[in-house]
Structure formats: structure tokens, C-alpha cells
Amino acid sequence: MKRSEIRENLFKMVFCGEFHTGEDVDGQRDAYLDQIPELTQEEHTYMLEKFNCIRDKIPEIDQKINEVARGWKTERMGKAELAILRLALYEMLYEDAIPVKVAINEAVELAKRFGGDDSPGFVNGVLARFA
């Protein structure tokens, strides 16, 4: 599976996490991973670990987003845009192997596919403040 496909699946997992709490999140995460037929064990482990790391860092990531998103707070953002920002910012801050420009570009591409008309510009604008 390509890195962009893994990133898209992680986005979907983070997005779905917004609608569940506690143990329910773990169940939804596992059910999501189980329904991807071409997922290797290595990819499964990677996605599981990365999702859990992102979830653990959400309060810190949201605080950073709130500091730079002028006129917007995470509570008011669309769920798709917020999930994209969380994933990208996690990659930018905690994944040394992923160049910042790649994280931003991939986030904008996800925003084009899953967000509204203004989503790519919004996502790019917020993430550019971290570059």
C-alpha cells in the first residue's frame, strides 16, 4: 500500500474517532483496520501505532492549532478539516522521517477530496504557520 493510501486510511480513522469515545474508539479502530483486505501485518501494526499516537497527542495538537488558527477554534472546525489538521500536524511535529512540505501537500490533497470548497486553502493556511 502506498504511503498516501496509508495516510488516507489514517485520516479516516482519526475522523471516525471524533464520533466515538473510550473503548468504543478502540473497537471502531479495530473494525476499520479489519475491513481493509490488502493490509499487510506490517501496515496494520504501523497504522494502529500511529493512530494511537495521534489520539494520545490530540489535546496538545489541538492547543497548537488553536494558537495559530485565527478566528477559528477546533470546536468550530469541520470534522474532516480537523482530522486532516491533526494528522498533518502530528506528522510535522513528531515524524522526523516525513518532510514538512510532504505533510502539508498530502493534507491539502486530503482536504480537496474530503473537505469543502474552502478546505484546501484553510488547511494550507493553518499548516503554513508551522512550516
Side-chain angles (χ1 to χ4, degrees):
M1 183 179 293
K2 296 178 188 176
R3 285 279 182 197
S4 59
E5 293 171 322
I6 290 173
R7 187 175 282 108
E8 180 179 325
N9 283 301
L10 281 164
F11 153 71
K12 290 176 181 177
M13 292 167 64
V14 172
F15 177 81
C16 289
E18 278 298 295
F19 301 97
H20 302 281
T21 58
E23 291 178 14
D24 197 27
V25 172
D26 293 337
Q28 291 297 318
R29 174 204 62 208
D30 294 341
Y32 182 84
L33 288 171
D34 290 343
Q35 62 87 29
I36 305 172
E38 70 276 2
L39 196 64
T40 67
Q41 184 59 46
E42 182 180 306
E43 292 165 341
H44 181 279
T45 300
Y46 174 80
M47 289 173 60
L48 178 67
E49 289 174 359
K50 191 162 178 178
F51 172 79
N52 289 336
C53 289
I54 293 168
R55 187 174 67 176
D56 291 344
K57 296 283 188 187
I58 284 178
E60 184 179 327
I61 291 169
D62 284 1
Q63 178 183 356
K64 292 183 181 302
I65 293 170
N66 285 328
E67 289 171 3
V68 301
R70 294 183 187 129
W72 287 91
K73 295 295 178 197
T74 53
E75 302 86 39
R76 291 185 52 228
M77 291 179 189
K79 300 293 187 199
E81 291 80 6
L82 182 56
I84 293 166
L85 288 170
R86 286 173 171 167
L87 172 59
L89 197 52
Y90 176 84
E91 291 179 340
M92 292 167 69
L93 297 175
Y94 304 105
E95 294 279 333
D96 293 334
I98 300 173
V100 170
K101 289 182 180 184
V102 171
I104 293 172
N105 184 57
E106 291 287 331
V108 170
E109 291 303 315
L110 286 171
K112 288 177 183 176
R113 290 190 60 210
F114 297 102
D117 292 340
D118 297 331
S119 296
F122 176 75
V123 166
N124 189 50
V126 171
L127 294 177
R129 294 194 175 113
F130 293 99

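This is a predicted model, so every value here is computed, not measured.
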Trainee: Considering only heavy atoms from C-beta outward, does the side chain of Met92 approach that of Ile104 to under 4.5 Å?
Mentor: yes
Trainee: Would you check if the side chain of Glu49 reaches a backbone N or O of Tyr46 as a donor-acceptor pair within less than 3.5 Å?
Mentor: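 Pair absent, no side-chain N/O of Glu49 close to backbone of Tyr46.
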Trainee: In Å and rounded to the nearest 0.5 Å, what is the SG to CG distance from Cys16 to Asp24?
Mentor: 11.0 Å
Trainee: When you check the gap from the basic side-chain N to the acidic O, do Lys12 and Glu8 get nearer than 4.0 Å?
Mentor: yes
Trainee: Consider only side-chain heavy atoms of I, L, V, M, F, W and Y, link residues closer than 4.5 Å, and tell whether Val102 and Met1 are in one cluster.
Mentor: no
Trainee: Can you tell me how far apart CG (Leu93) and CD1 (Ile98) are? Round to the nearest 0.5 Å.
Mentor: 11.5 Å
Trainee: Looking at every heavy atom in both Tyr32 and Met13, which two are closest together, and how far apart are they?
Mentor: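 Closest approach of Tyr32 to Met13: CD2-CG, 3.4 Å.
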Trainee: Grab the two heavy atoms, one from Lys64 and one from Phe130, that are nearest each other, plus how far apart they are.
Mentor: O-CZ, 3.4 Å
Trainee: Between Asp34 and Arg29, does at least one N-O distance fall below 4.0 Å, as a salt bridge requires?
Mentor: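 Salt bridge flag = no for Arg29 with Asp34.
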Trainee: How about Tyr94 and Glu91: do any of their side-chain heavy atoms sit closer than 4.5 Å?
Mentor: no
Trainee: Above 12 or not: heavy atoms from other molecules or residues under 6.0 Å from CD of Glu42?
Mentor: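 Check fails, neighbour count at 12 or below.
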Trainee: For Ala103, does its backbone N or O pair with a side-chain atom of Glu106 as donor and acceptor, under 3.5 Å?
Mentor: no
Trainee: Checking salt bridge (charged side-chain N to carboxylate O under 4.0 Å, His left out) for the pair Asp117/Lys112: CA distance, chi angles, key distance, verdict?
Mentor: CA-CA 7 Å; Asp117 292 340; Lys112 288 177 183 176; over 6 Å; no
Trainee: Is His20 close to Asp26 at the side-chain level, that is, under 4.5 Å between some pair of heavy atoms?
Mentor: no
Trainee: Using distance only, find each side-chain donor-acceptor pair of residues 77-87 under 3.5 Å and give its atom names and separation, not counting sequence neighbours.
Mentor:
residue	atom	partner	partner atom	Å
Lys79	NZ	Glu18	OE1	3.4
Glu81	OE2	Ser119	OG	2.3
Arg86	NE	Asp62	OD1	2.8
Arg86	NH1	Glu18	OE2	2.3
Arg86	NH2	Asp62	OD1	3.4
Arg86	NH2	Asp62	OD2	2.5

Trainee: Using a strict threshold of under 4.0 Å (side-chain N to carboxylate O), is an ion pair present between Glu109 and Arg7?
Mentor: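 No, Arg7 and Glu109 are not salt-bridged.
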Trainee: Show your reasoning for whether side chain to side chain contact (heavy atoms under 4.5 Å, CB included) applies to Ile36 and Met47.
Mentor: CA-CA 12 Å; Ile36 305 172; Met47 289 173 60; 4.2 Å; yes
Trainee: Of the non-hydrogen atoms in Gly17 and Val25, which two are nearest, and what is the gap between them?
Mentor: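 Shortest heavy-atom contact: O-CG2, 4.2 Å.
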Trainee: Between Lys50 and Tyr90, is NZ or CZ placed under 6.0 angstrom from the six-membered ring centre and within 45° of the ring axis?
Mentor: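 Cation-pi check for Lys50 and Tyr90: fails.
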Trainee: Give a yes or no on whether a salt bridge exists between Arg129 and Glu67, defined as a side-chain N under 4.0 angstrom from a carboxylate O.
Mentor: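 The answer is no: the pair does not qualify as a salt bridge.
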Trainee: Distance-only, no hydrogens or angles: does the Asn52 side chain make a donor-acceptor pair with backbone N or O of Leu48 under 3.5 Å?
Mentor: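 Here the side-chain-to-backbone pair exists.
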Trainee: Decide whether a cation-pi geometry holds between Arg76 and Phe122; the criteria are a distance under 6.0 Å from NZ or CZ to the six-membered ring centre and an angle within 45° of the ring axis.
Mentor: no
Trainee: Hey, does the side chain of Asn9 reach the backbone of Glu5 with a donor-acceptor pair shorter than 3.5 angstrom?
Mentor: yes
Trainee: Treating Asn66 as the side-chain partner and Thr74 as the backbone partner, does any N or O pair qualify as donor plus acceptor under 3.5 Å?
Mentor: yes
Trainee: Counting neighbours of CG on Asp118 that are heavy atoms of other residues, nucleotides or ligands and sit closer than 6.0 Å, is the number greater than 12?
Mentor: no
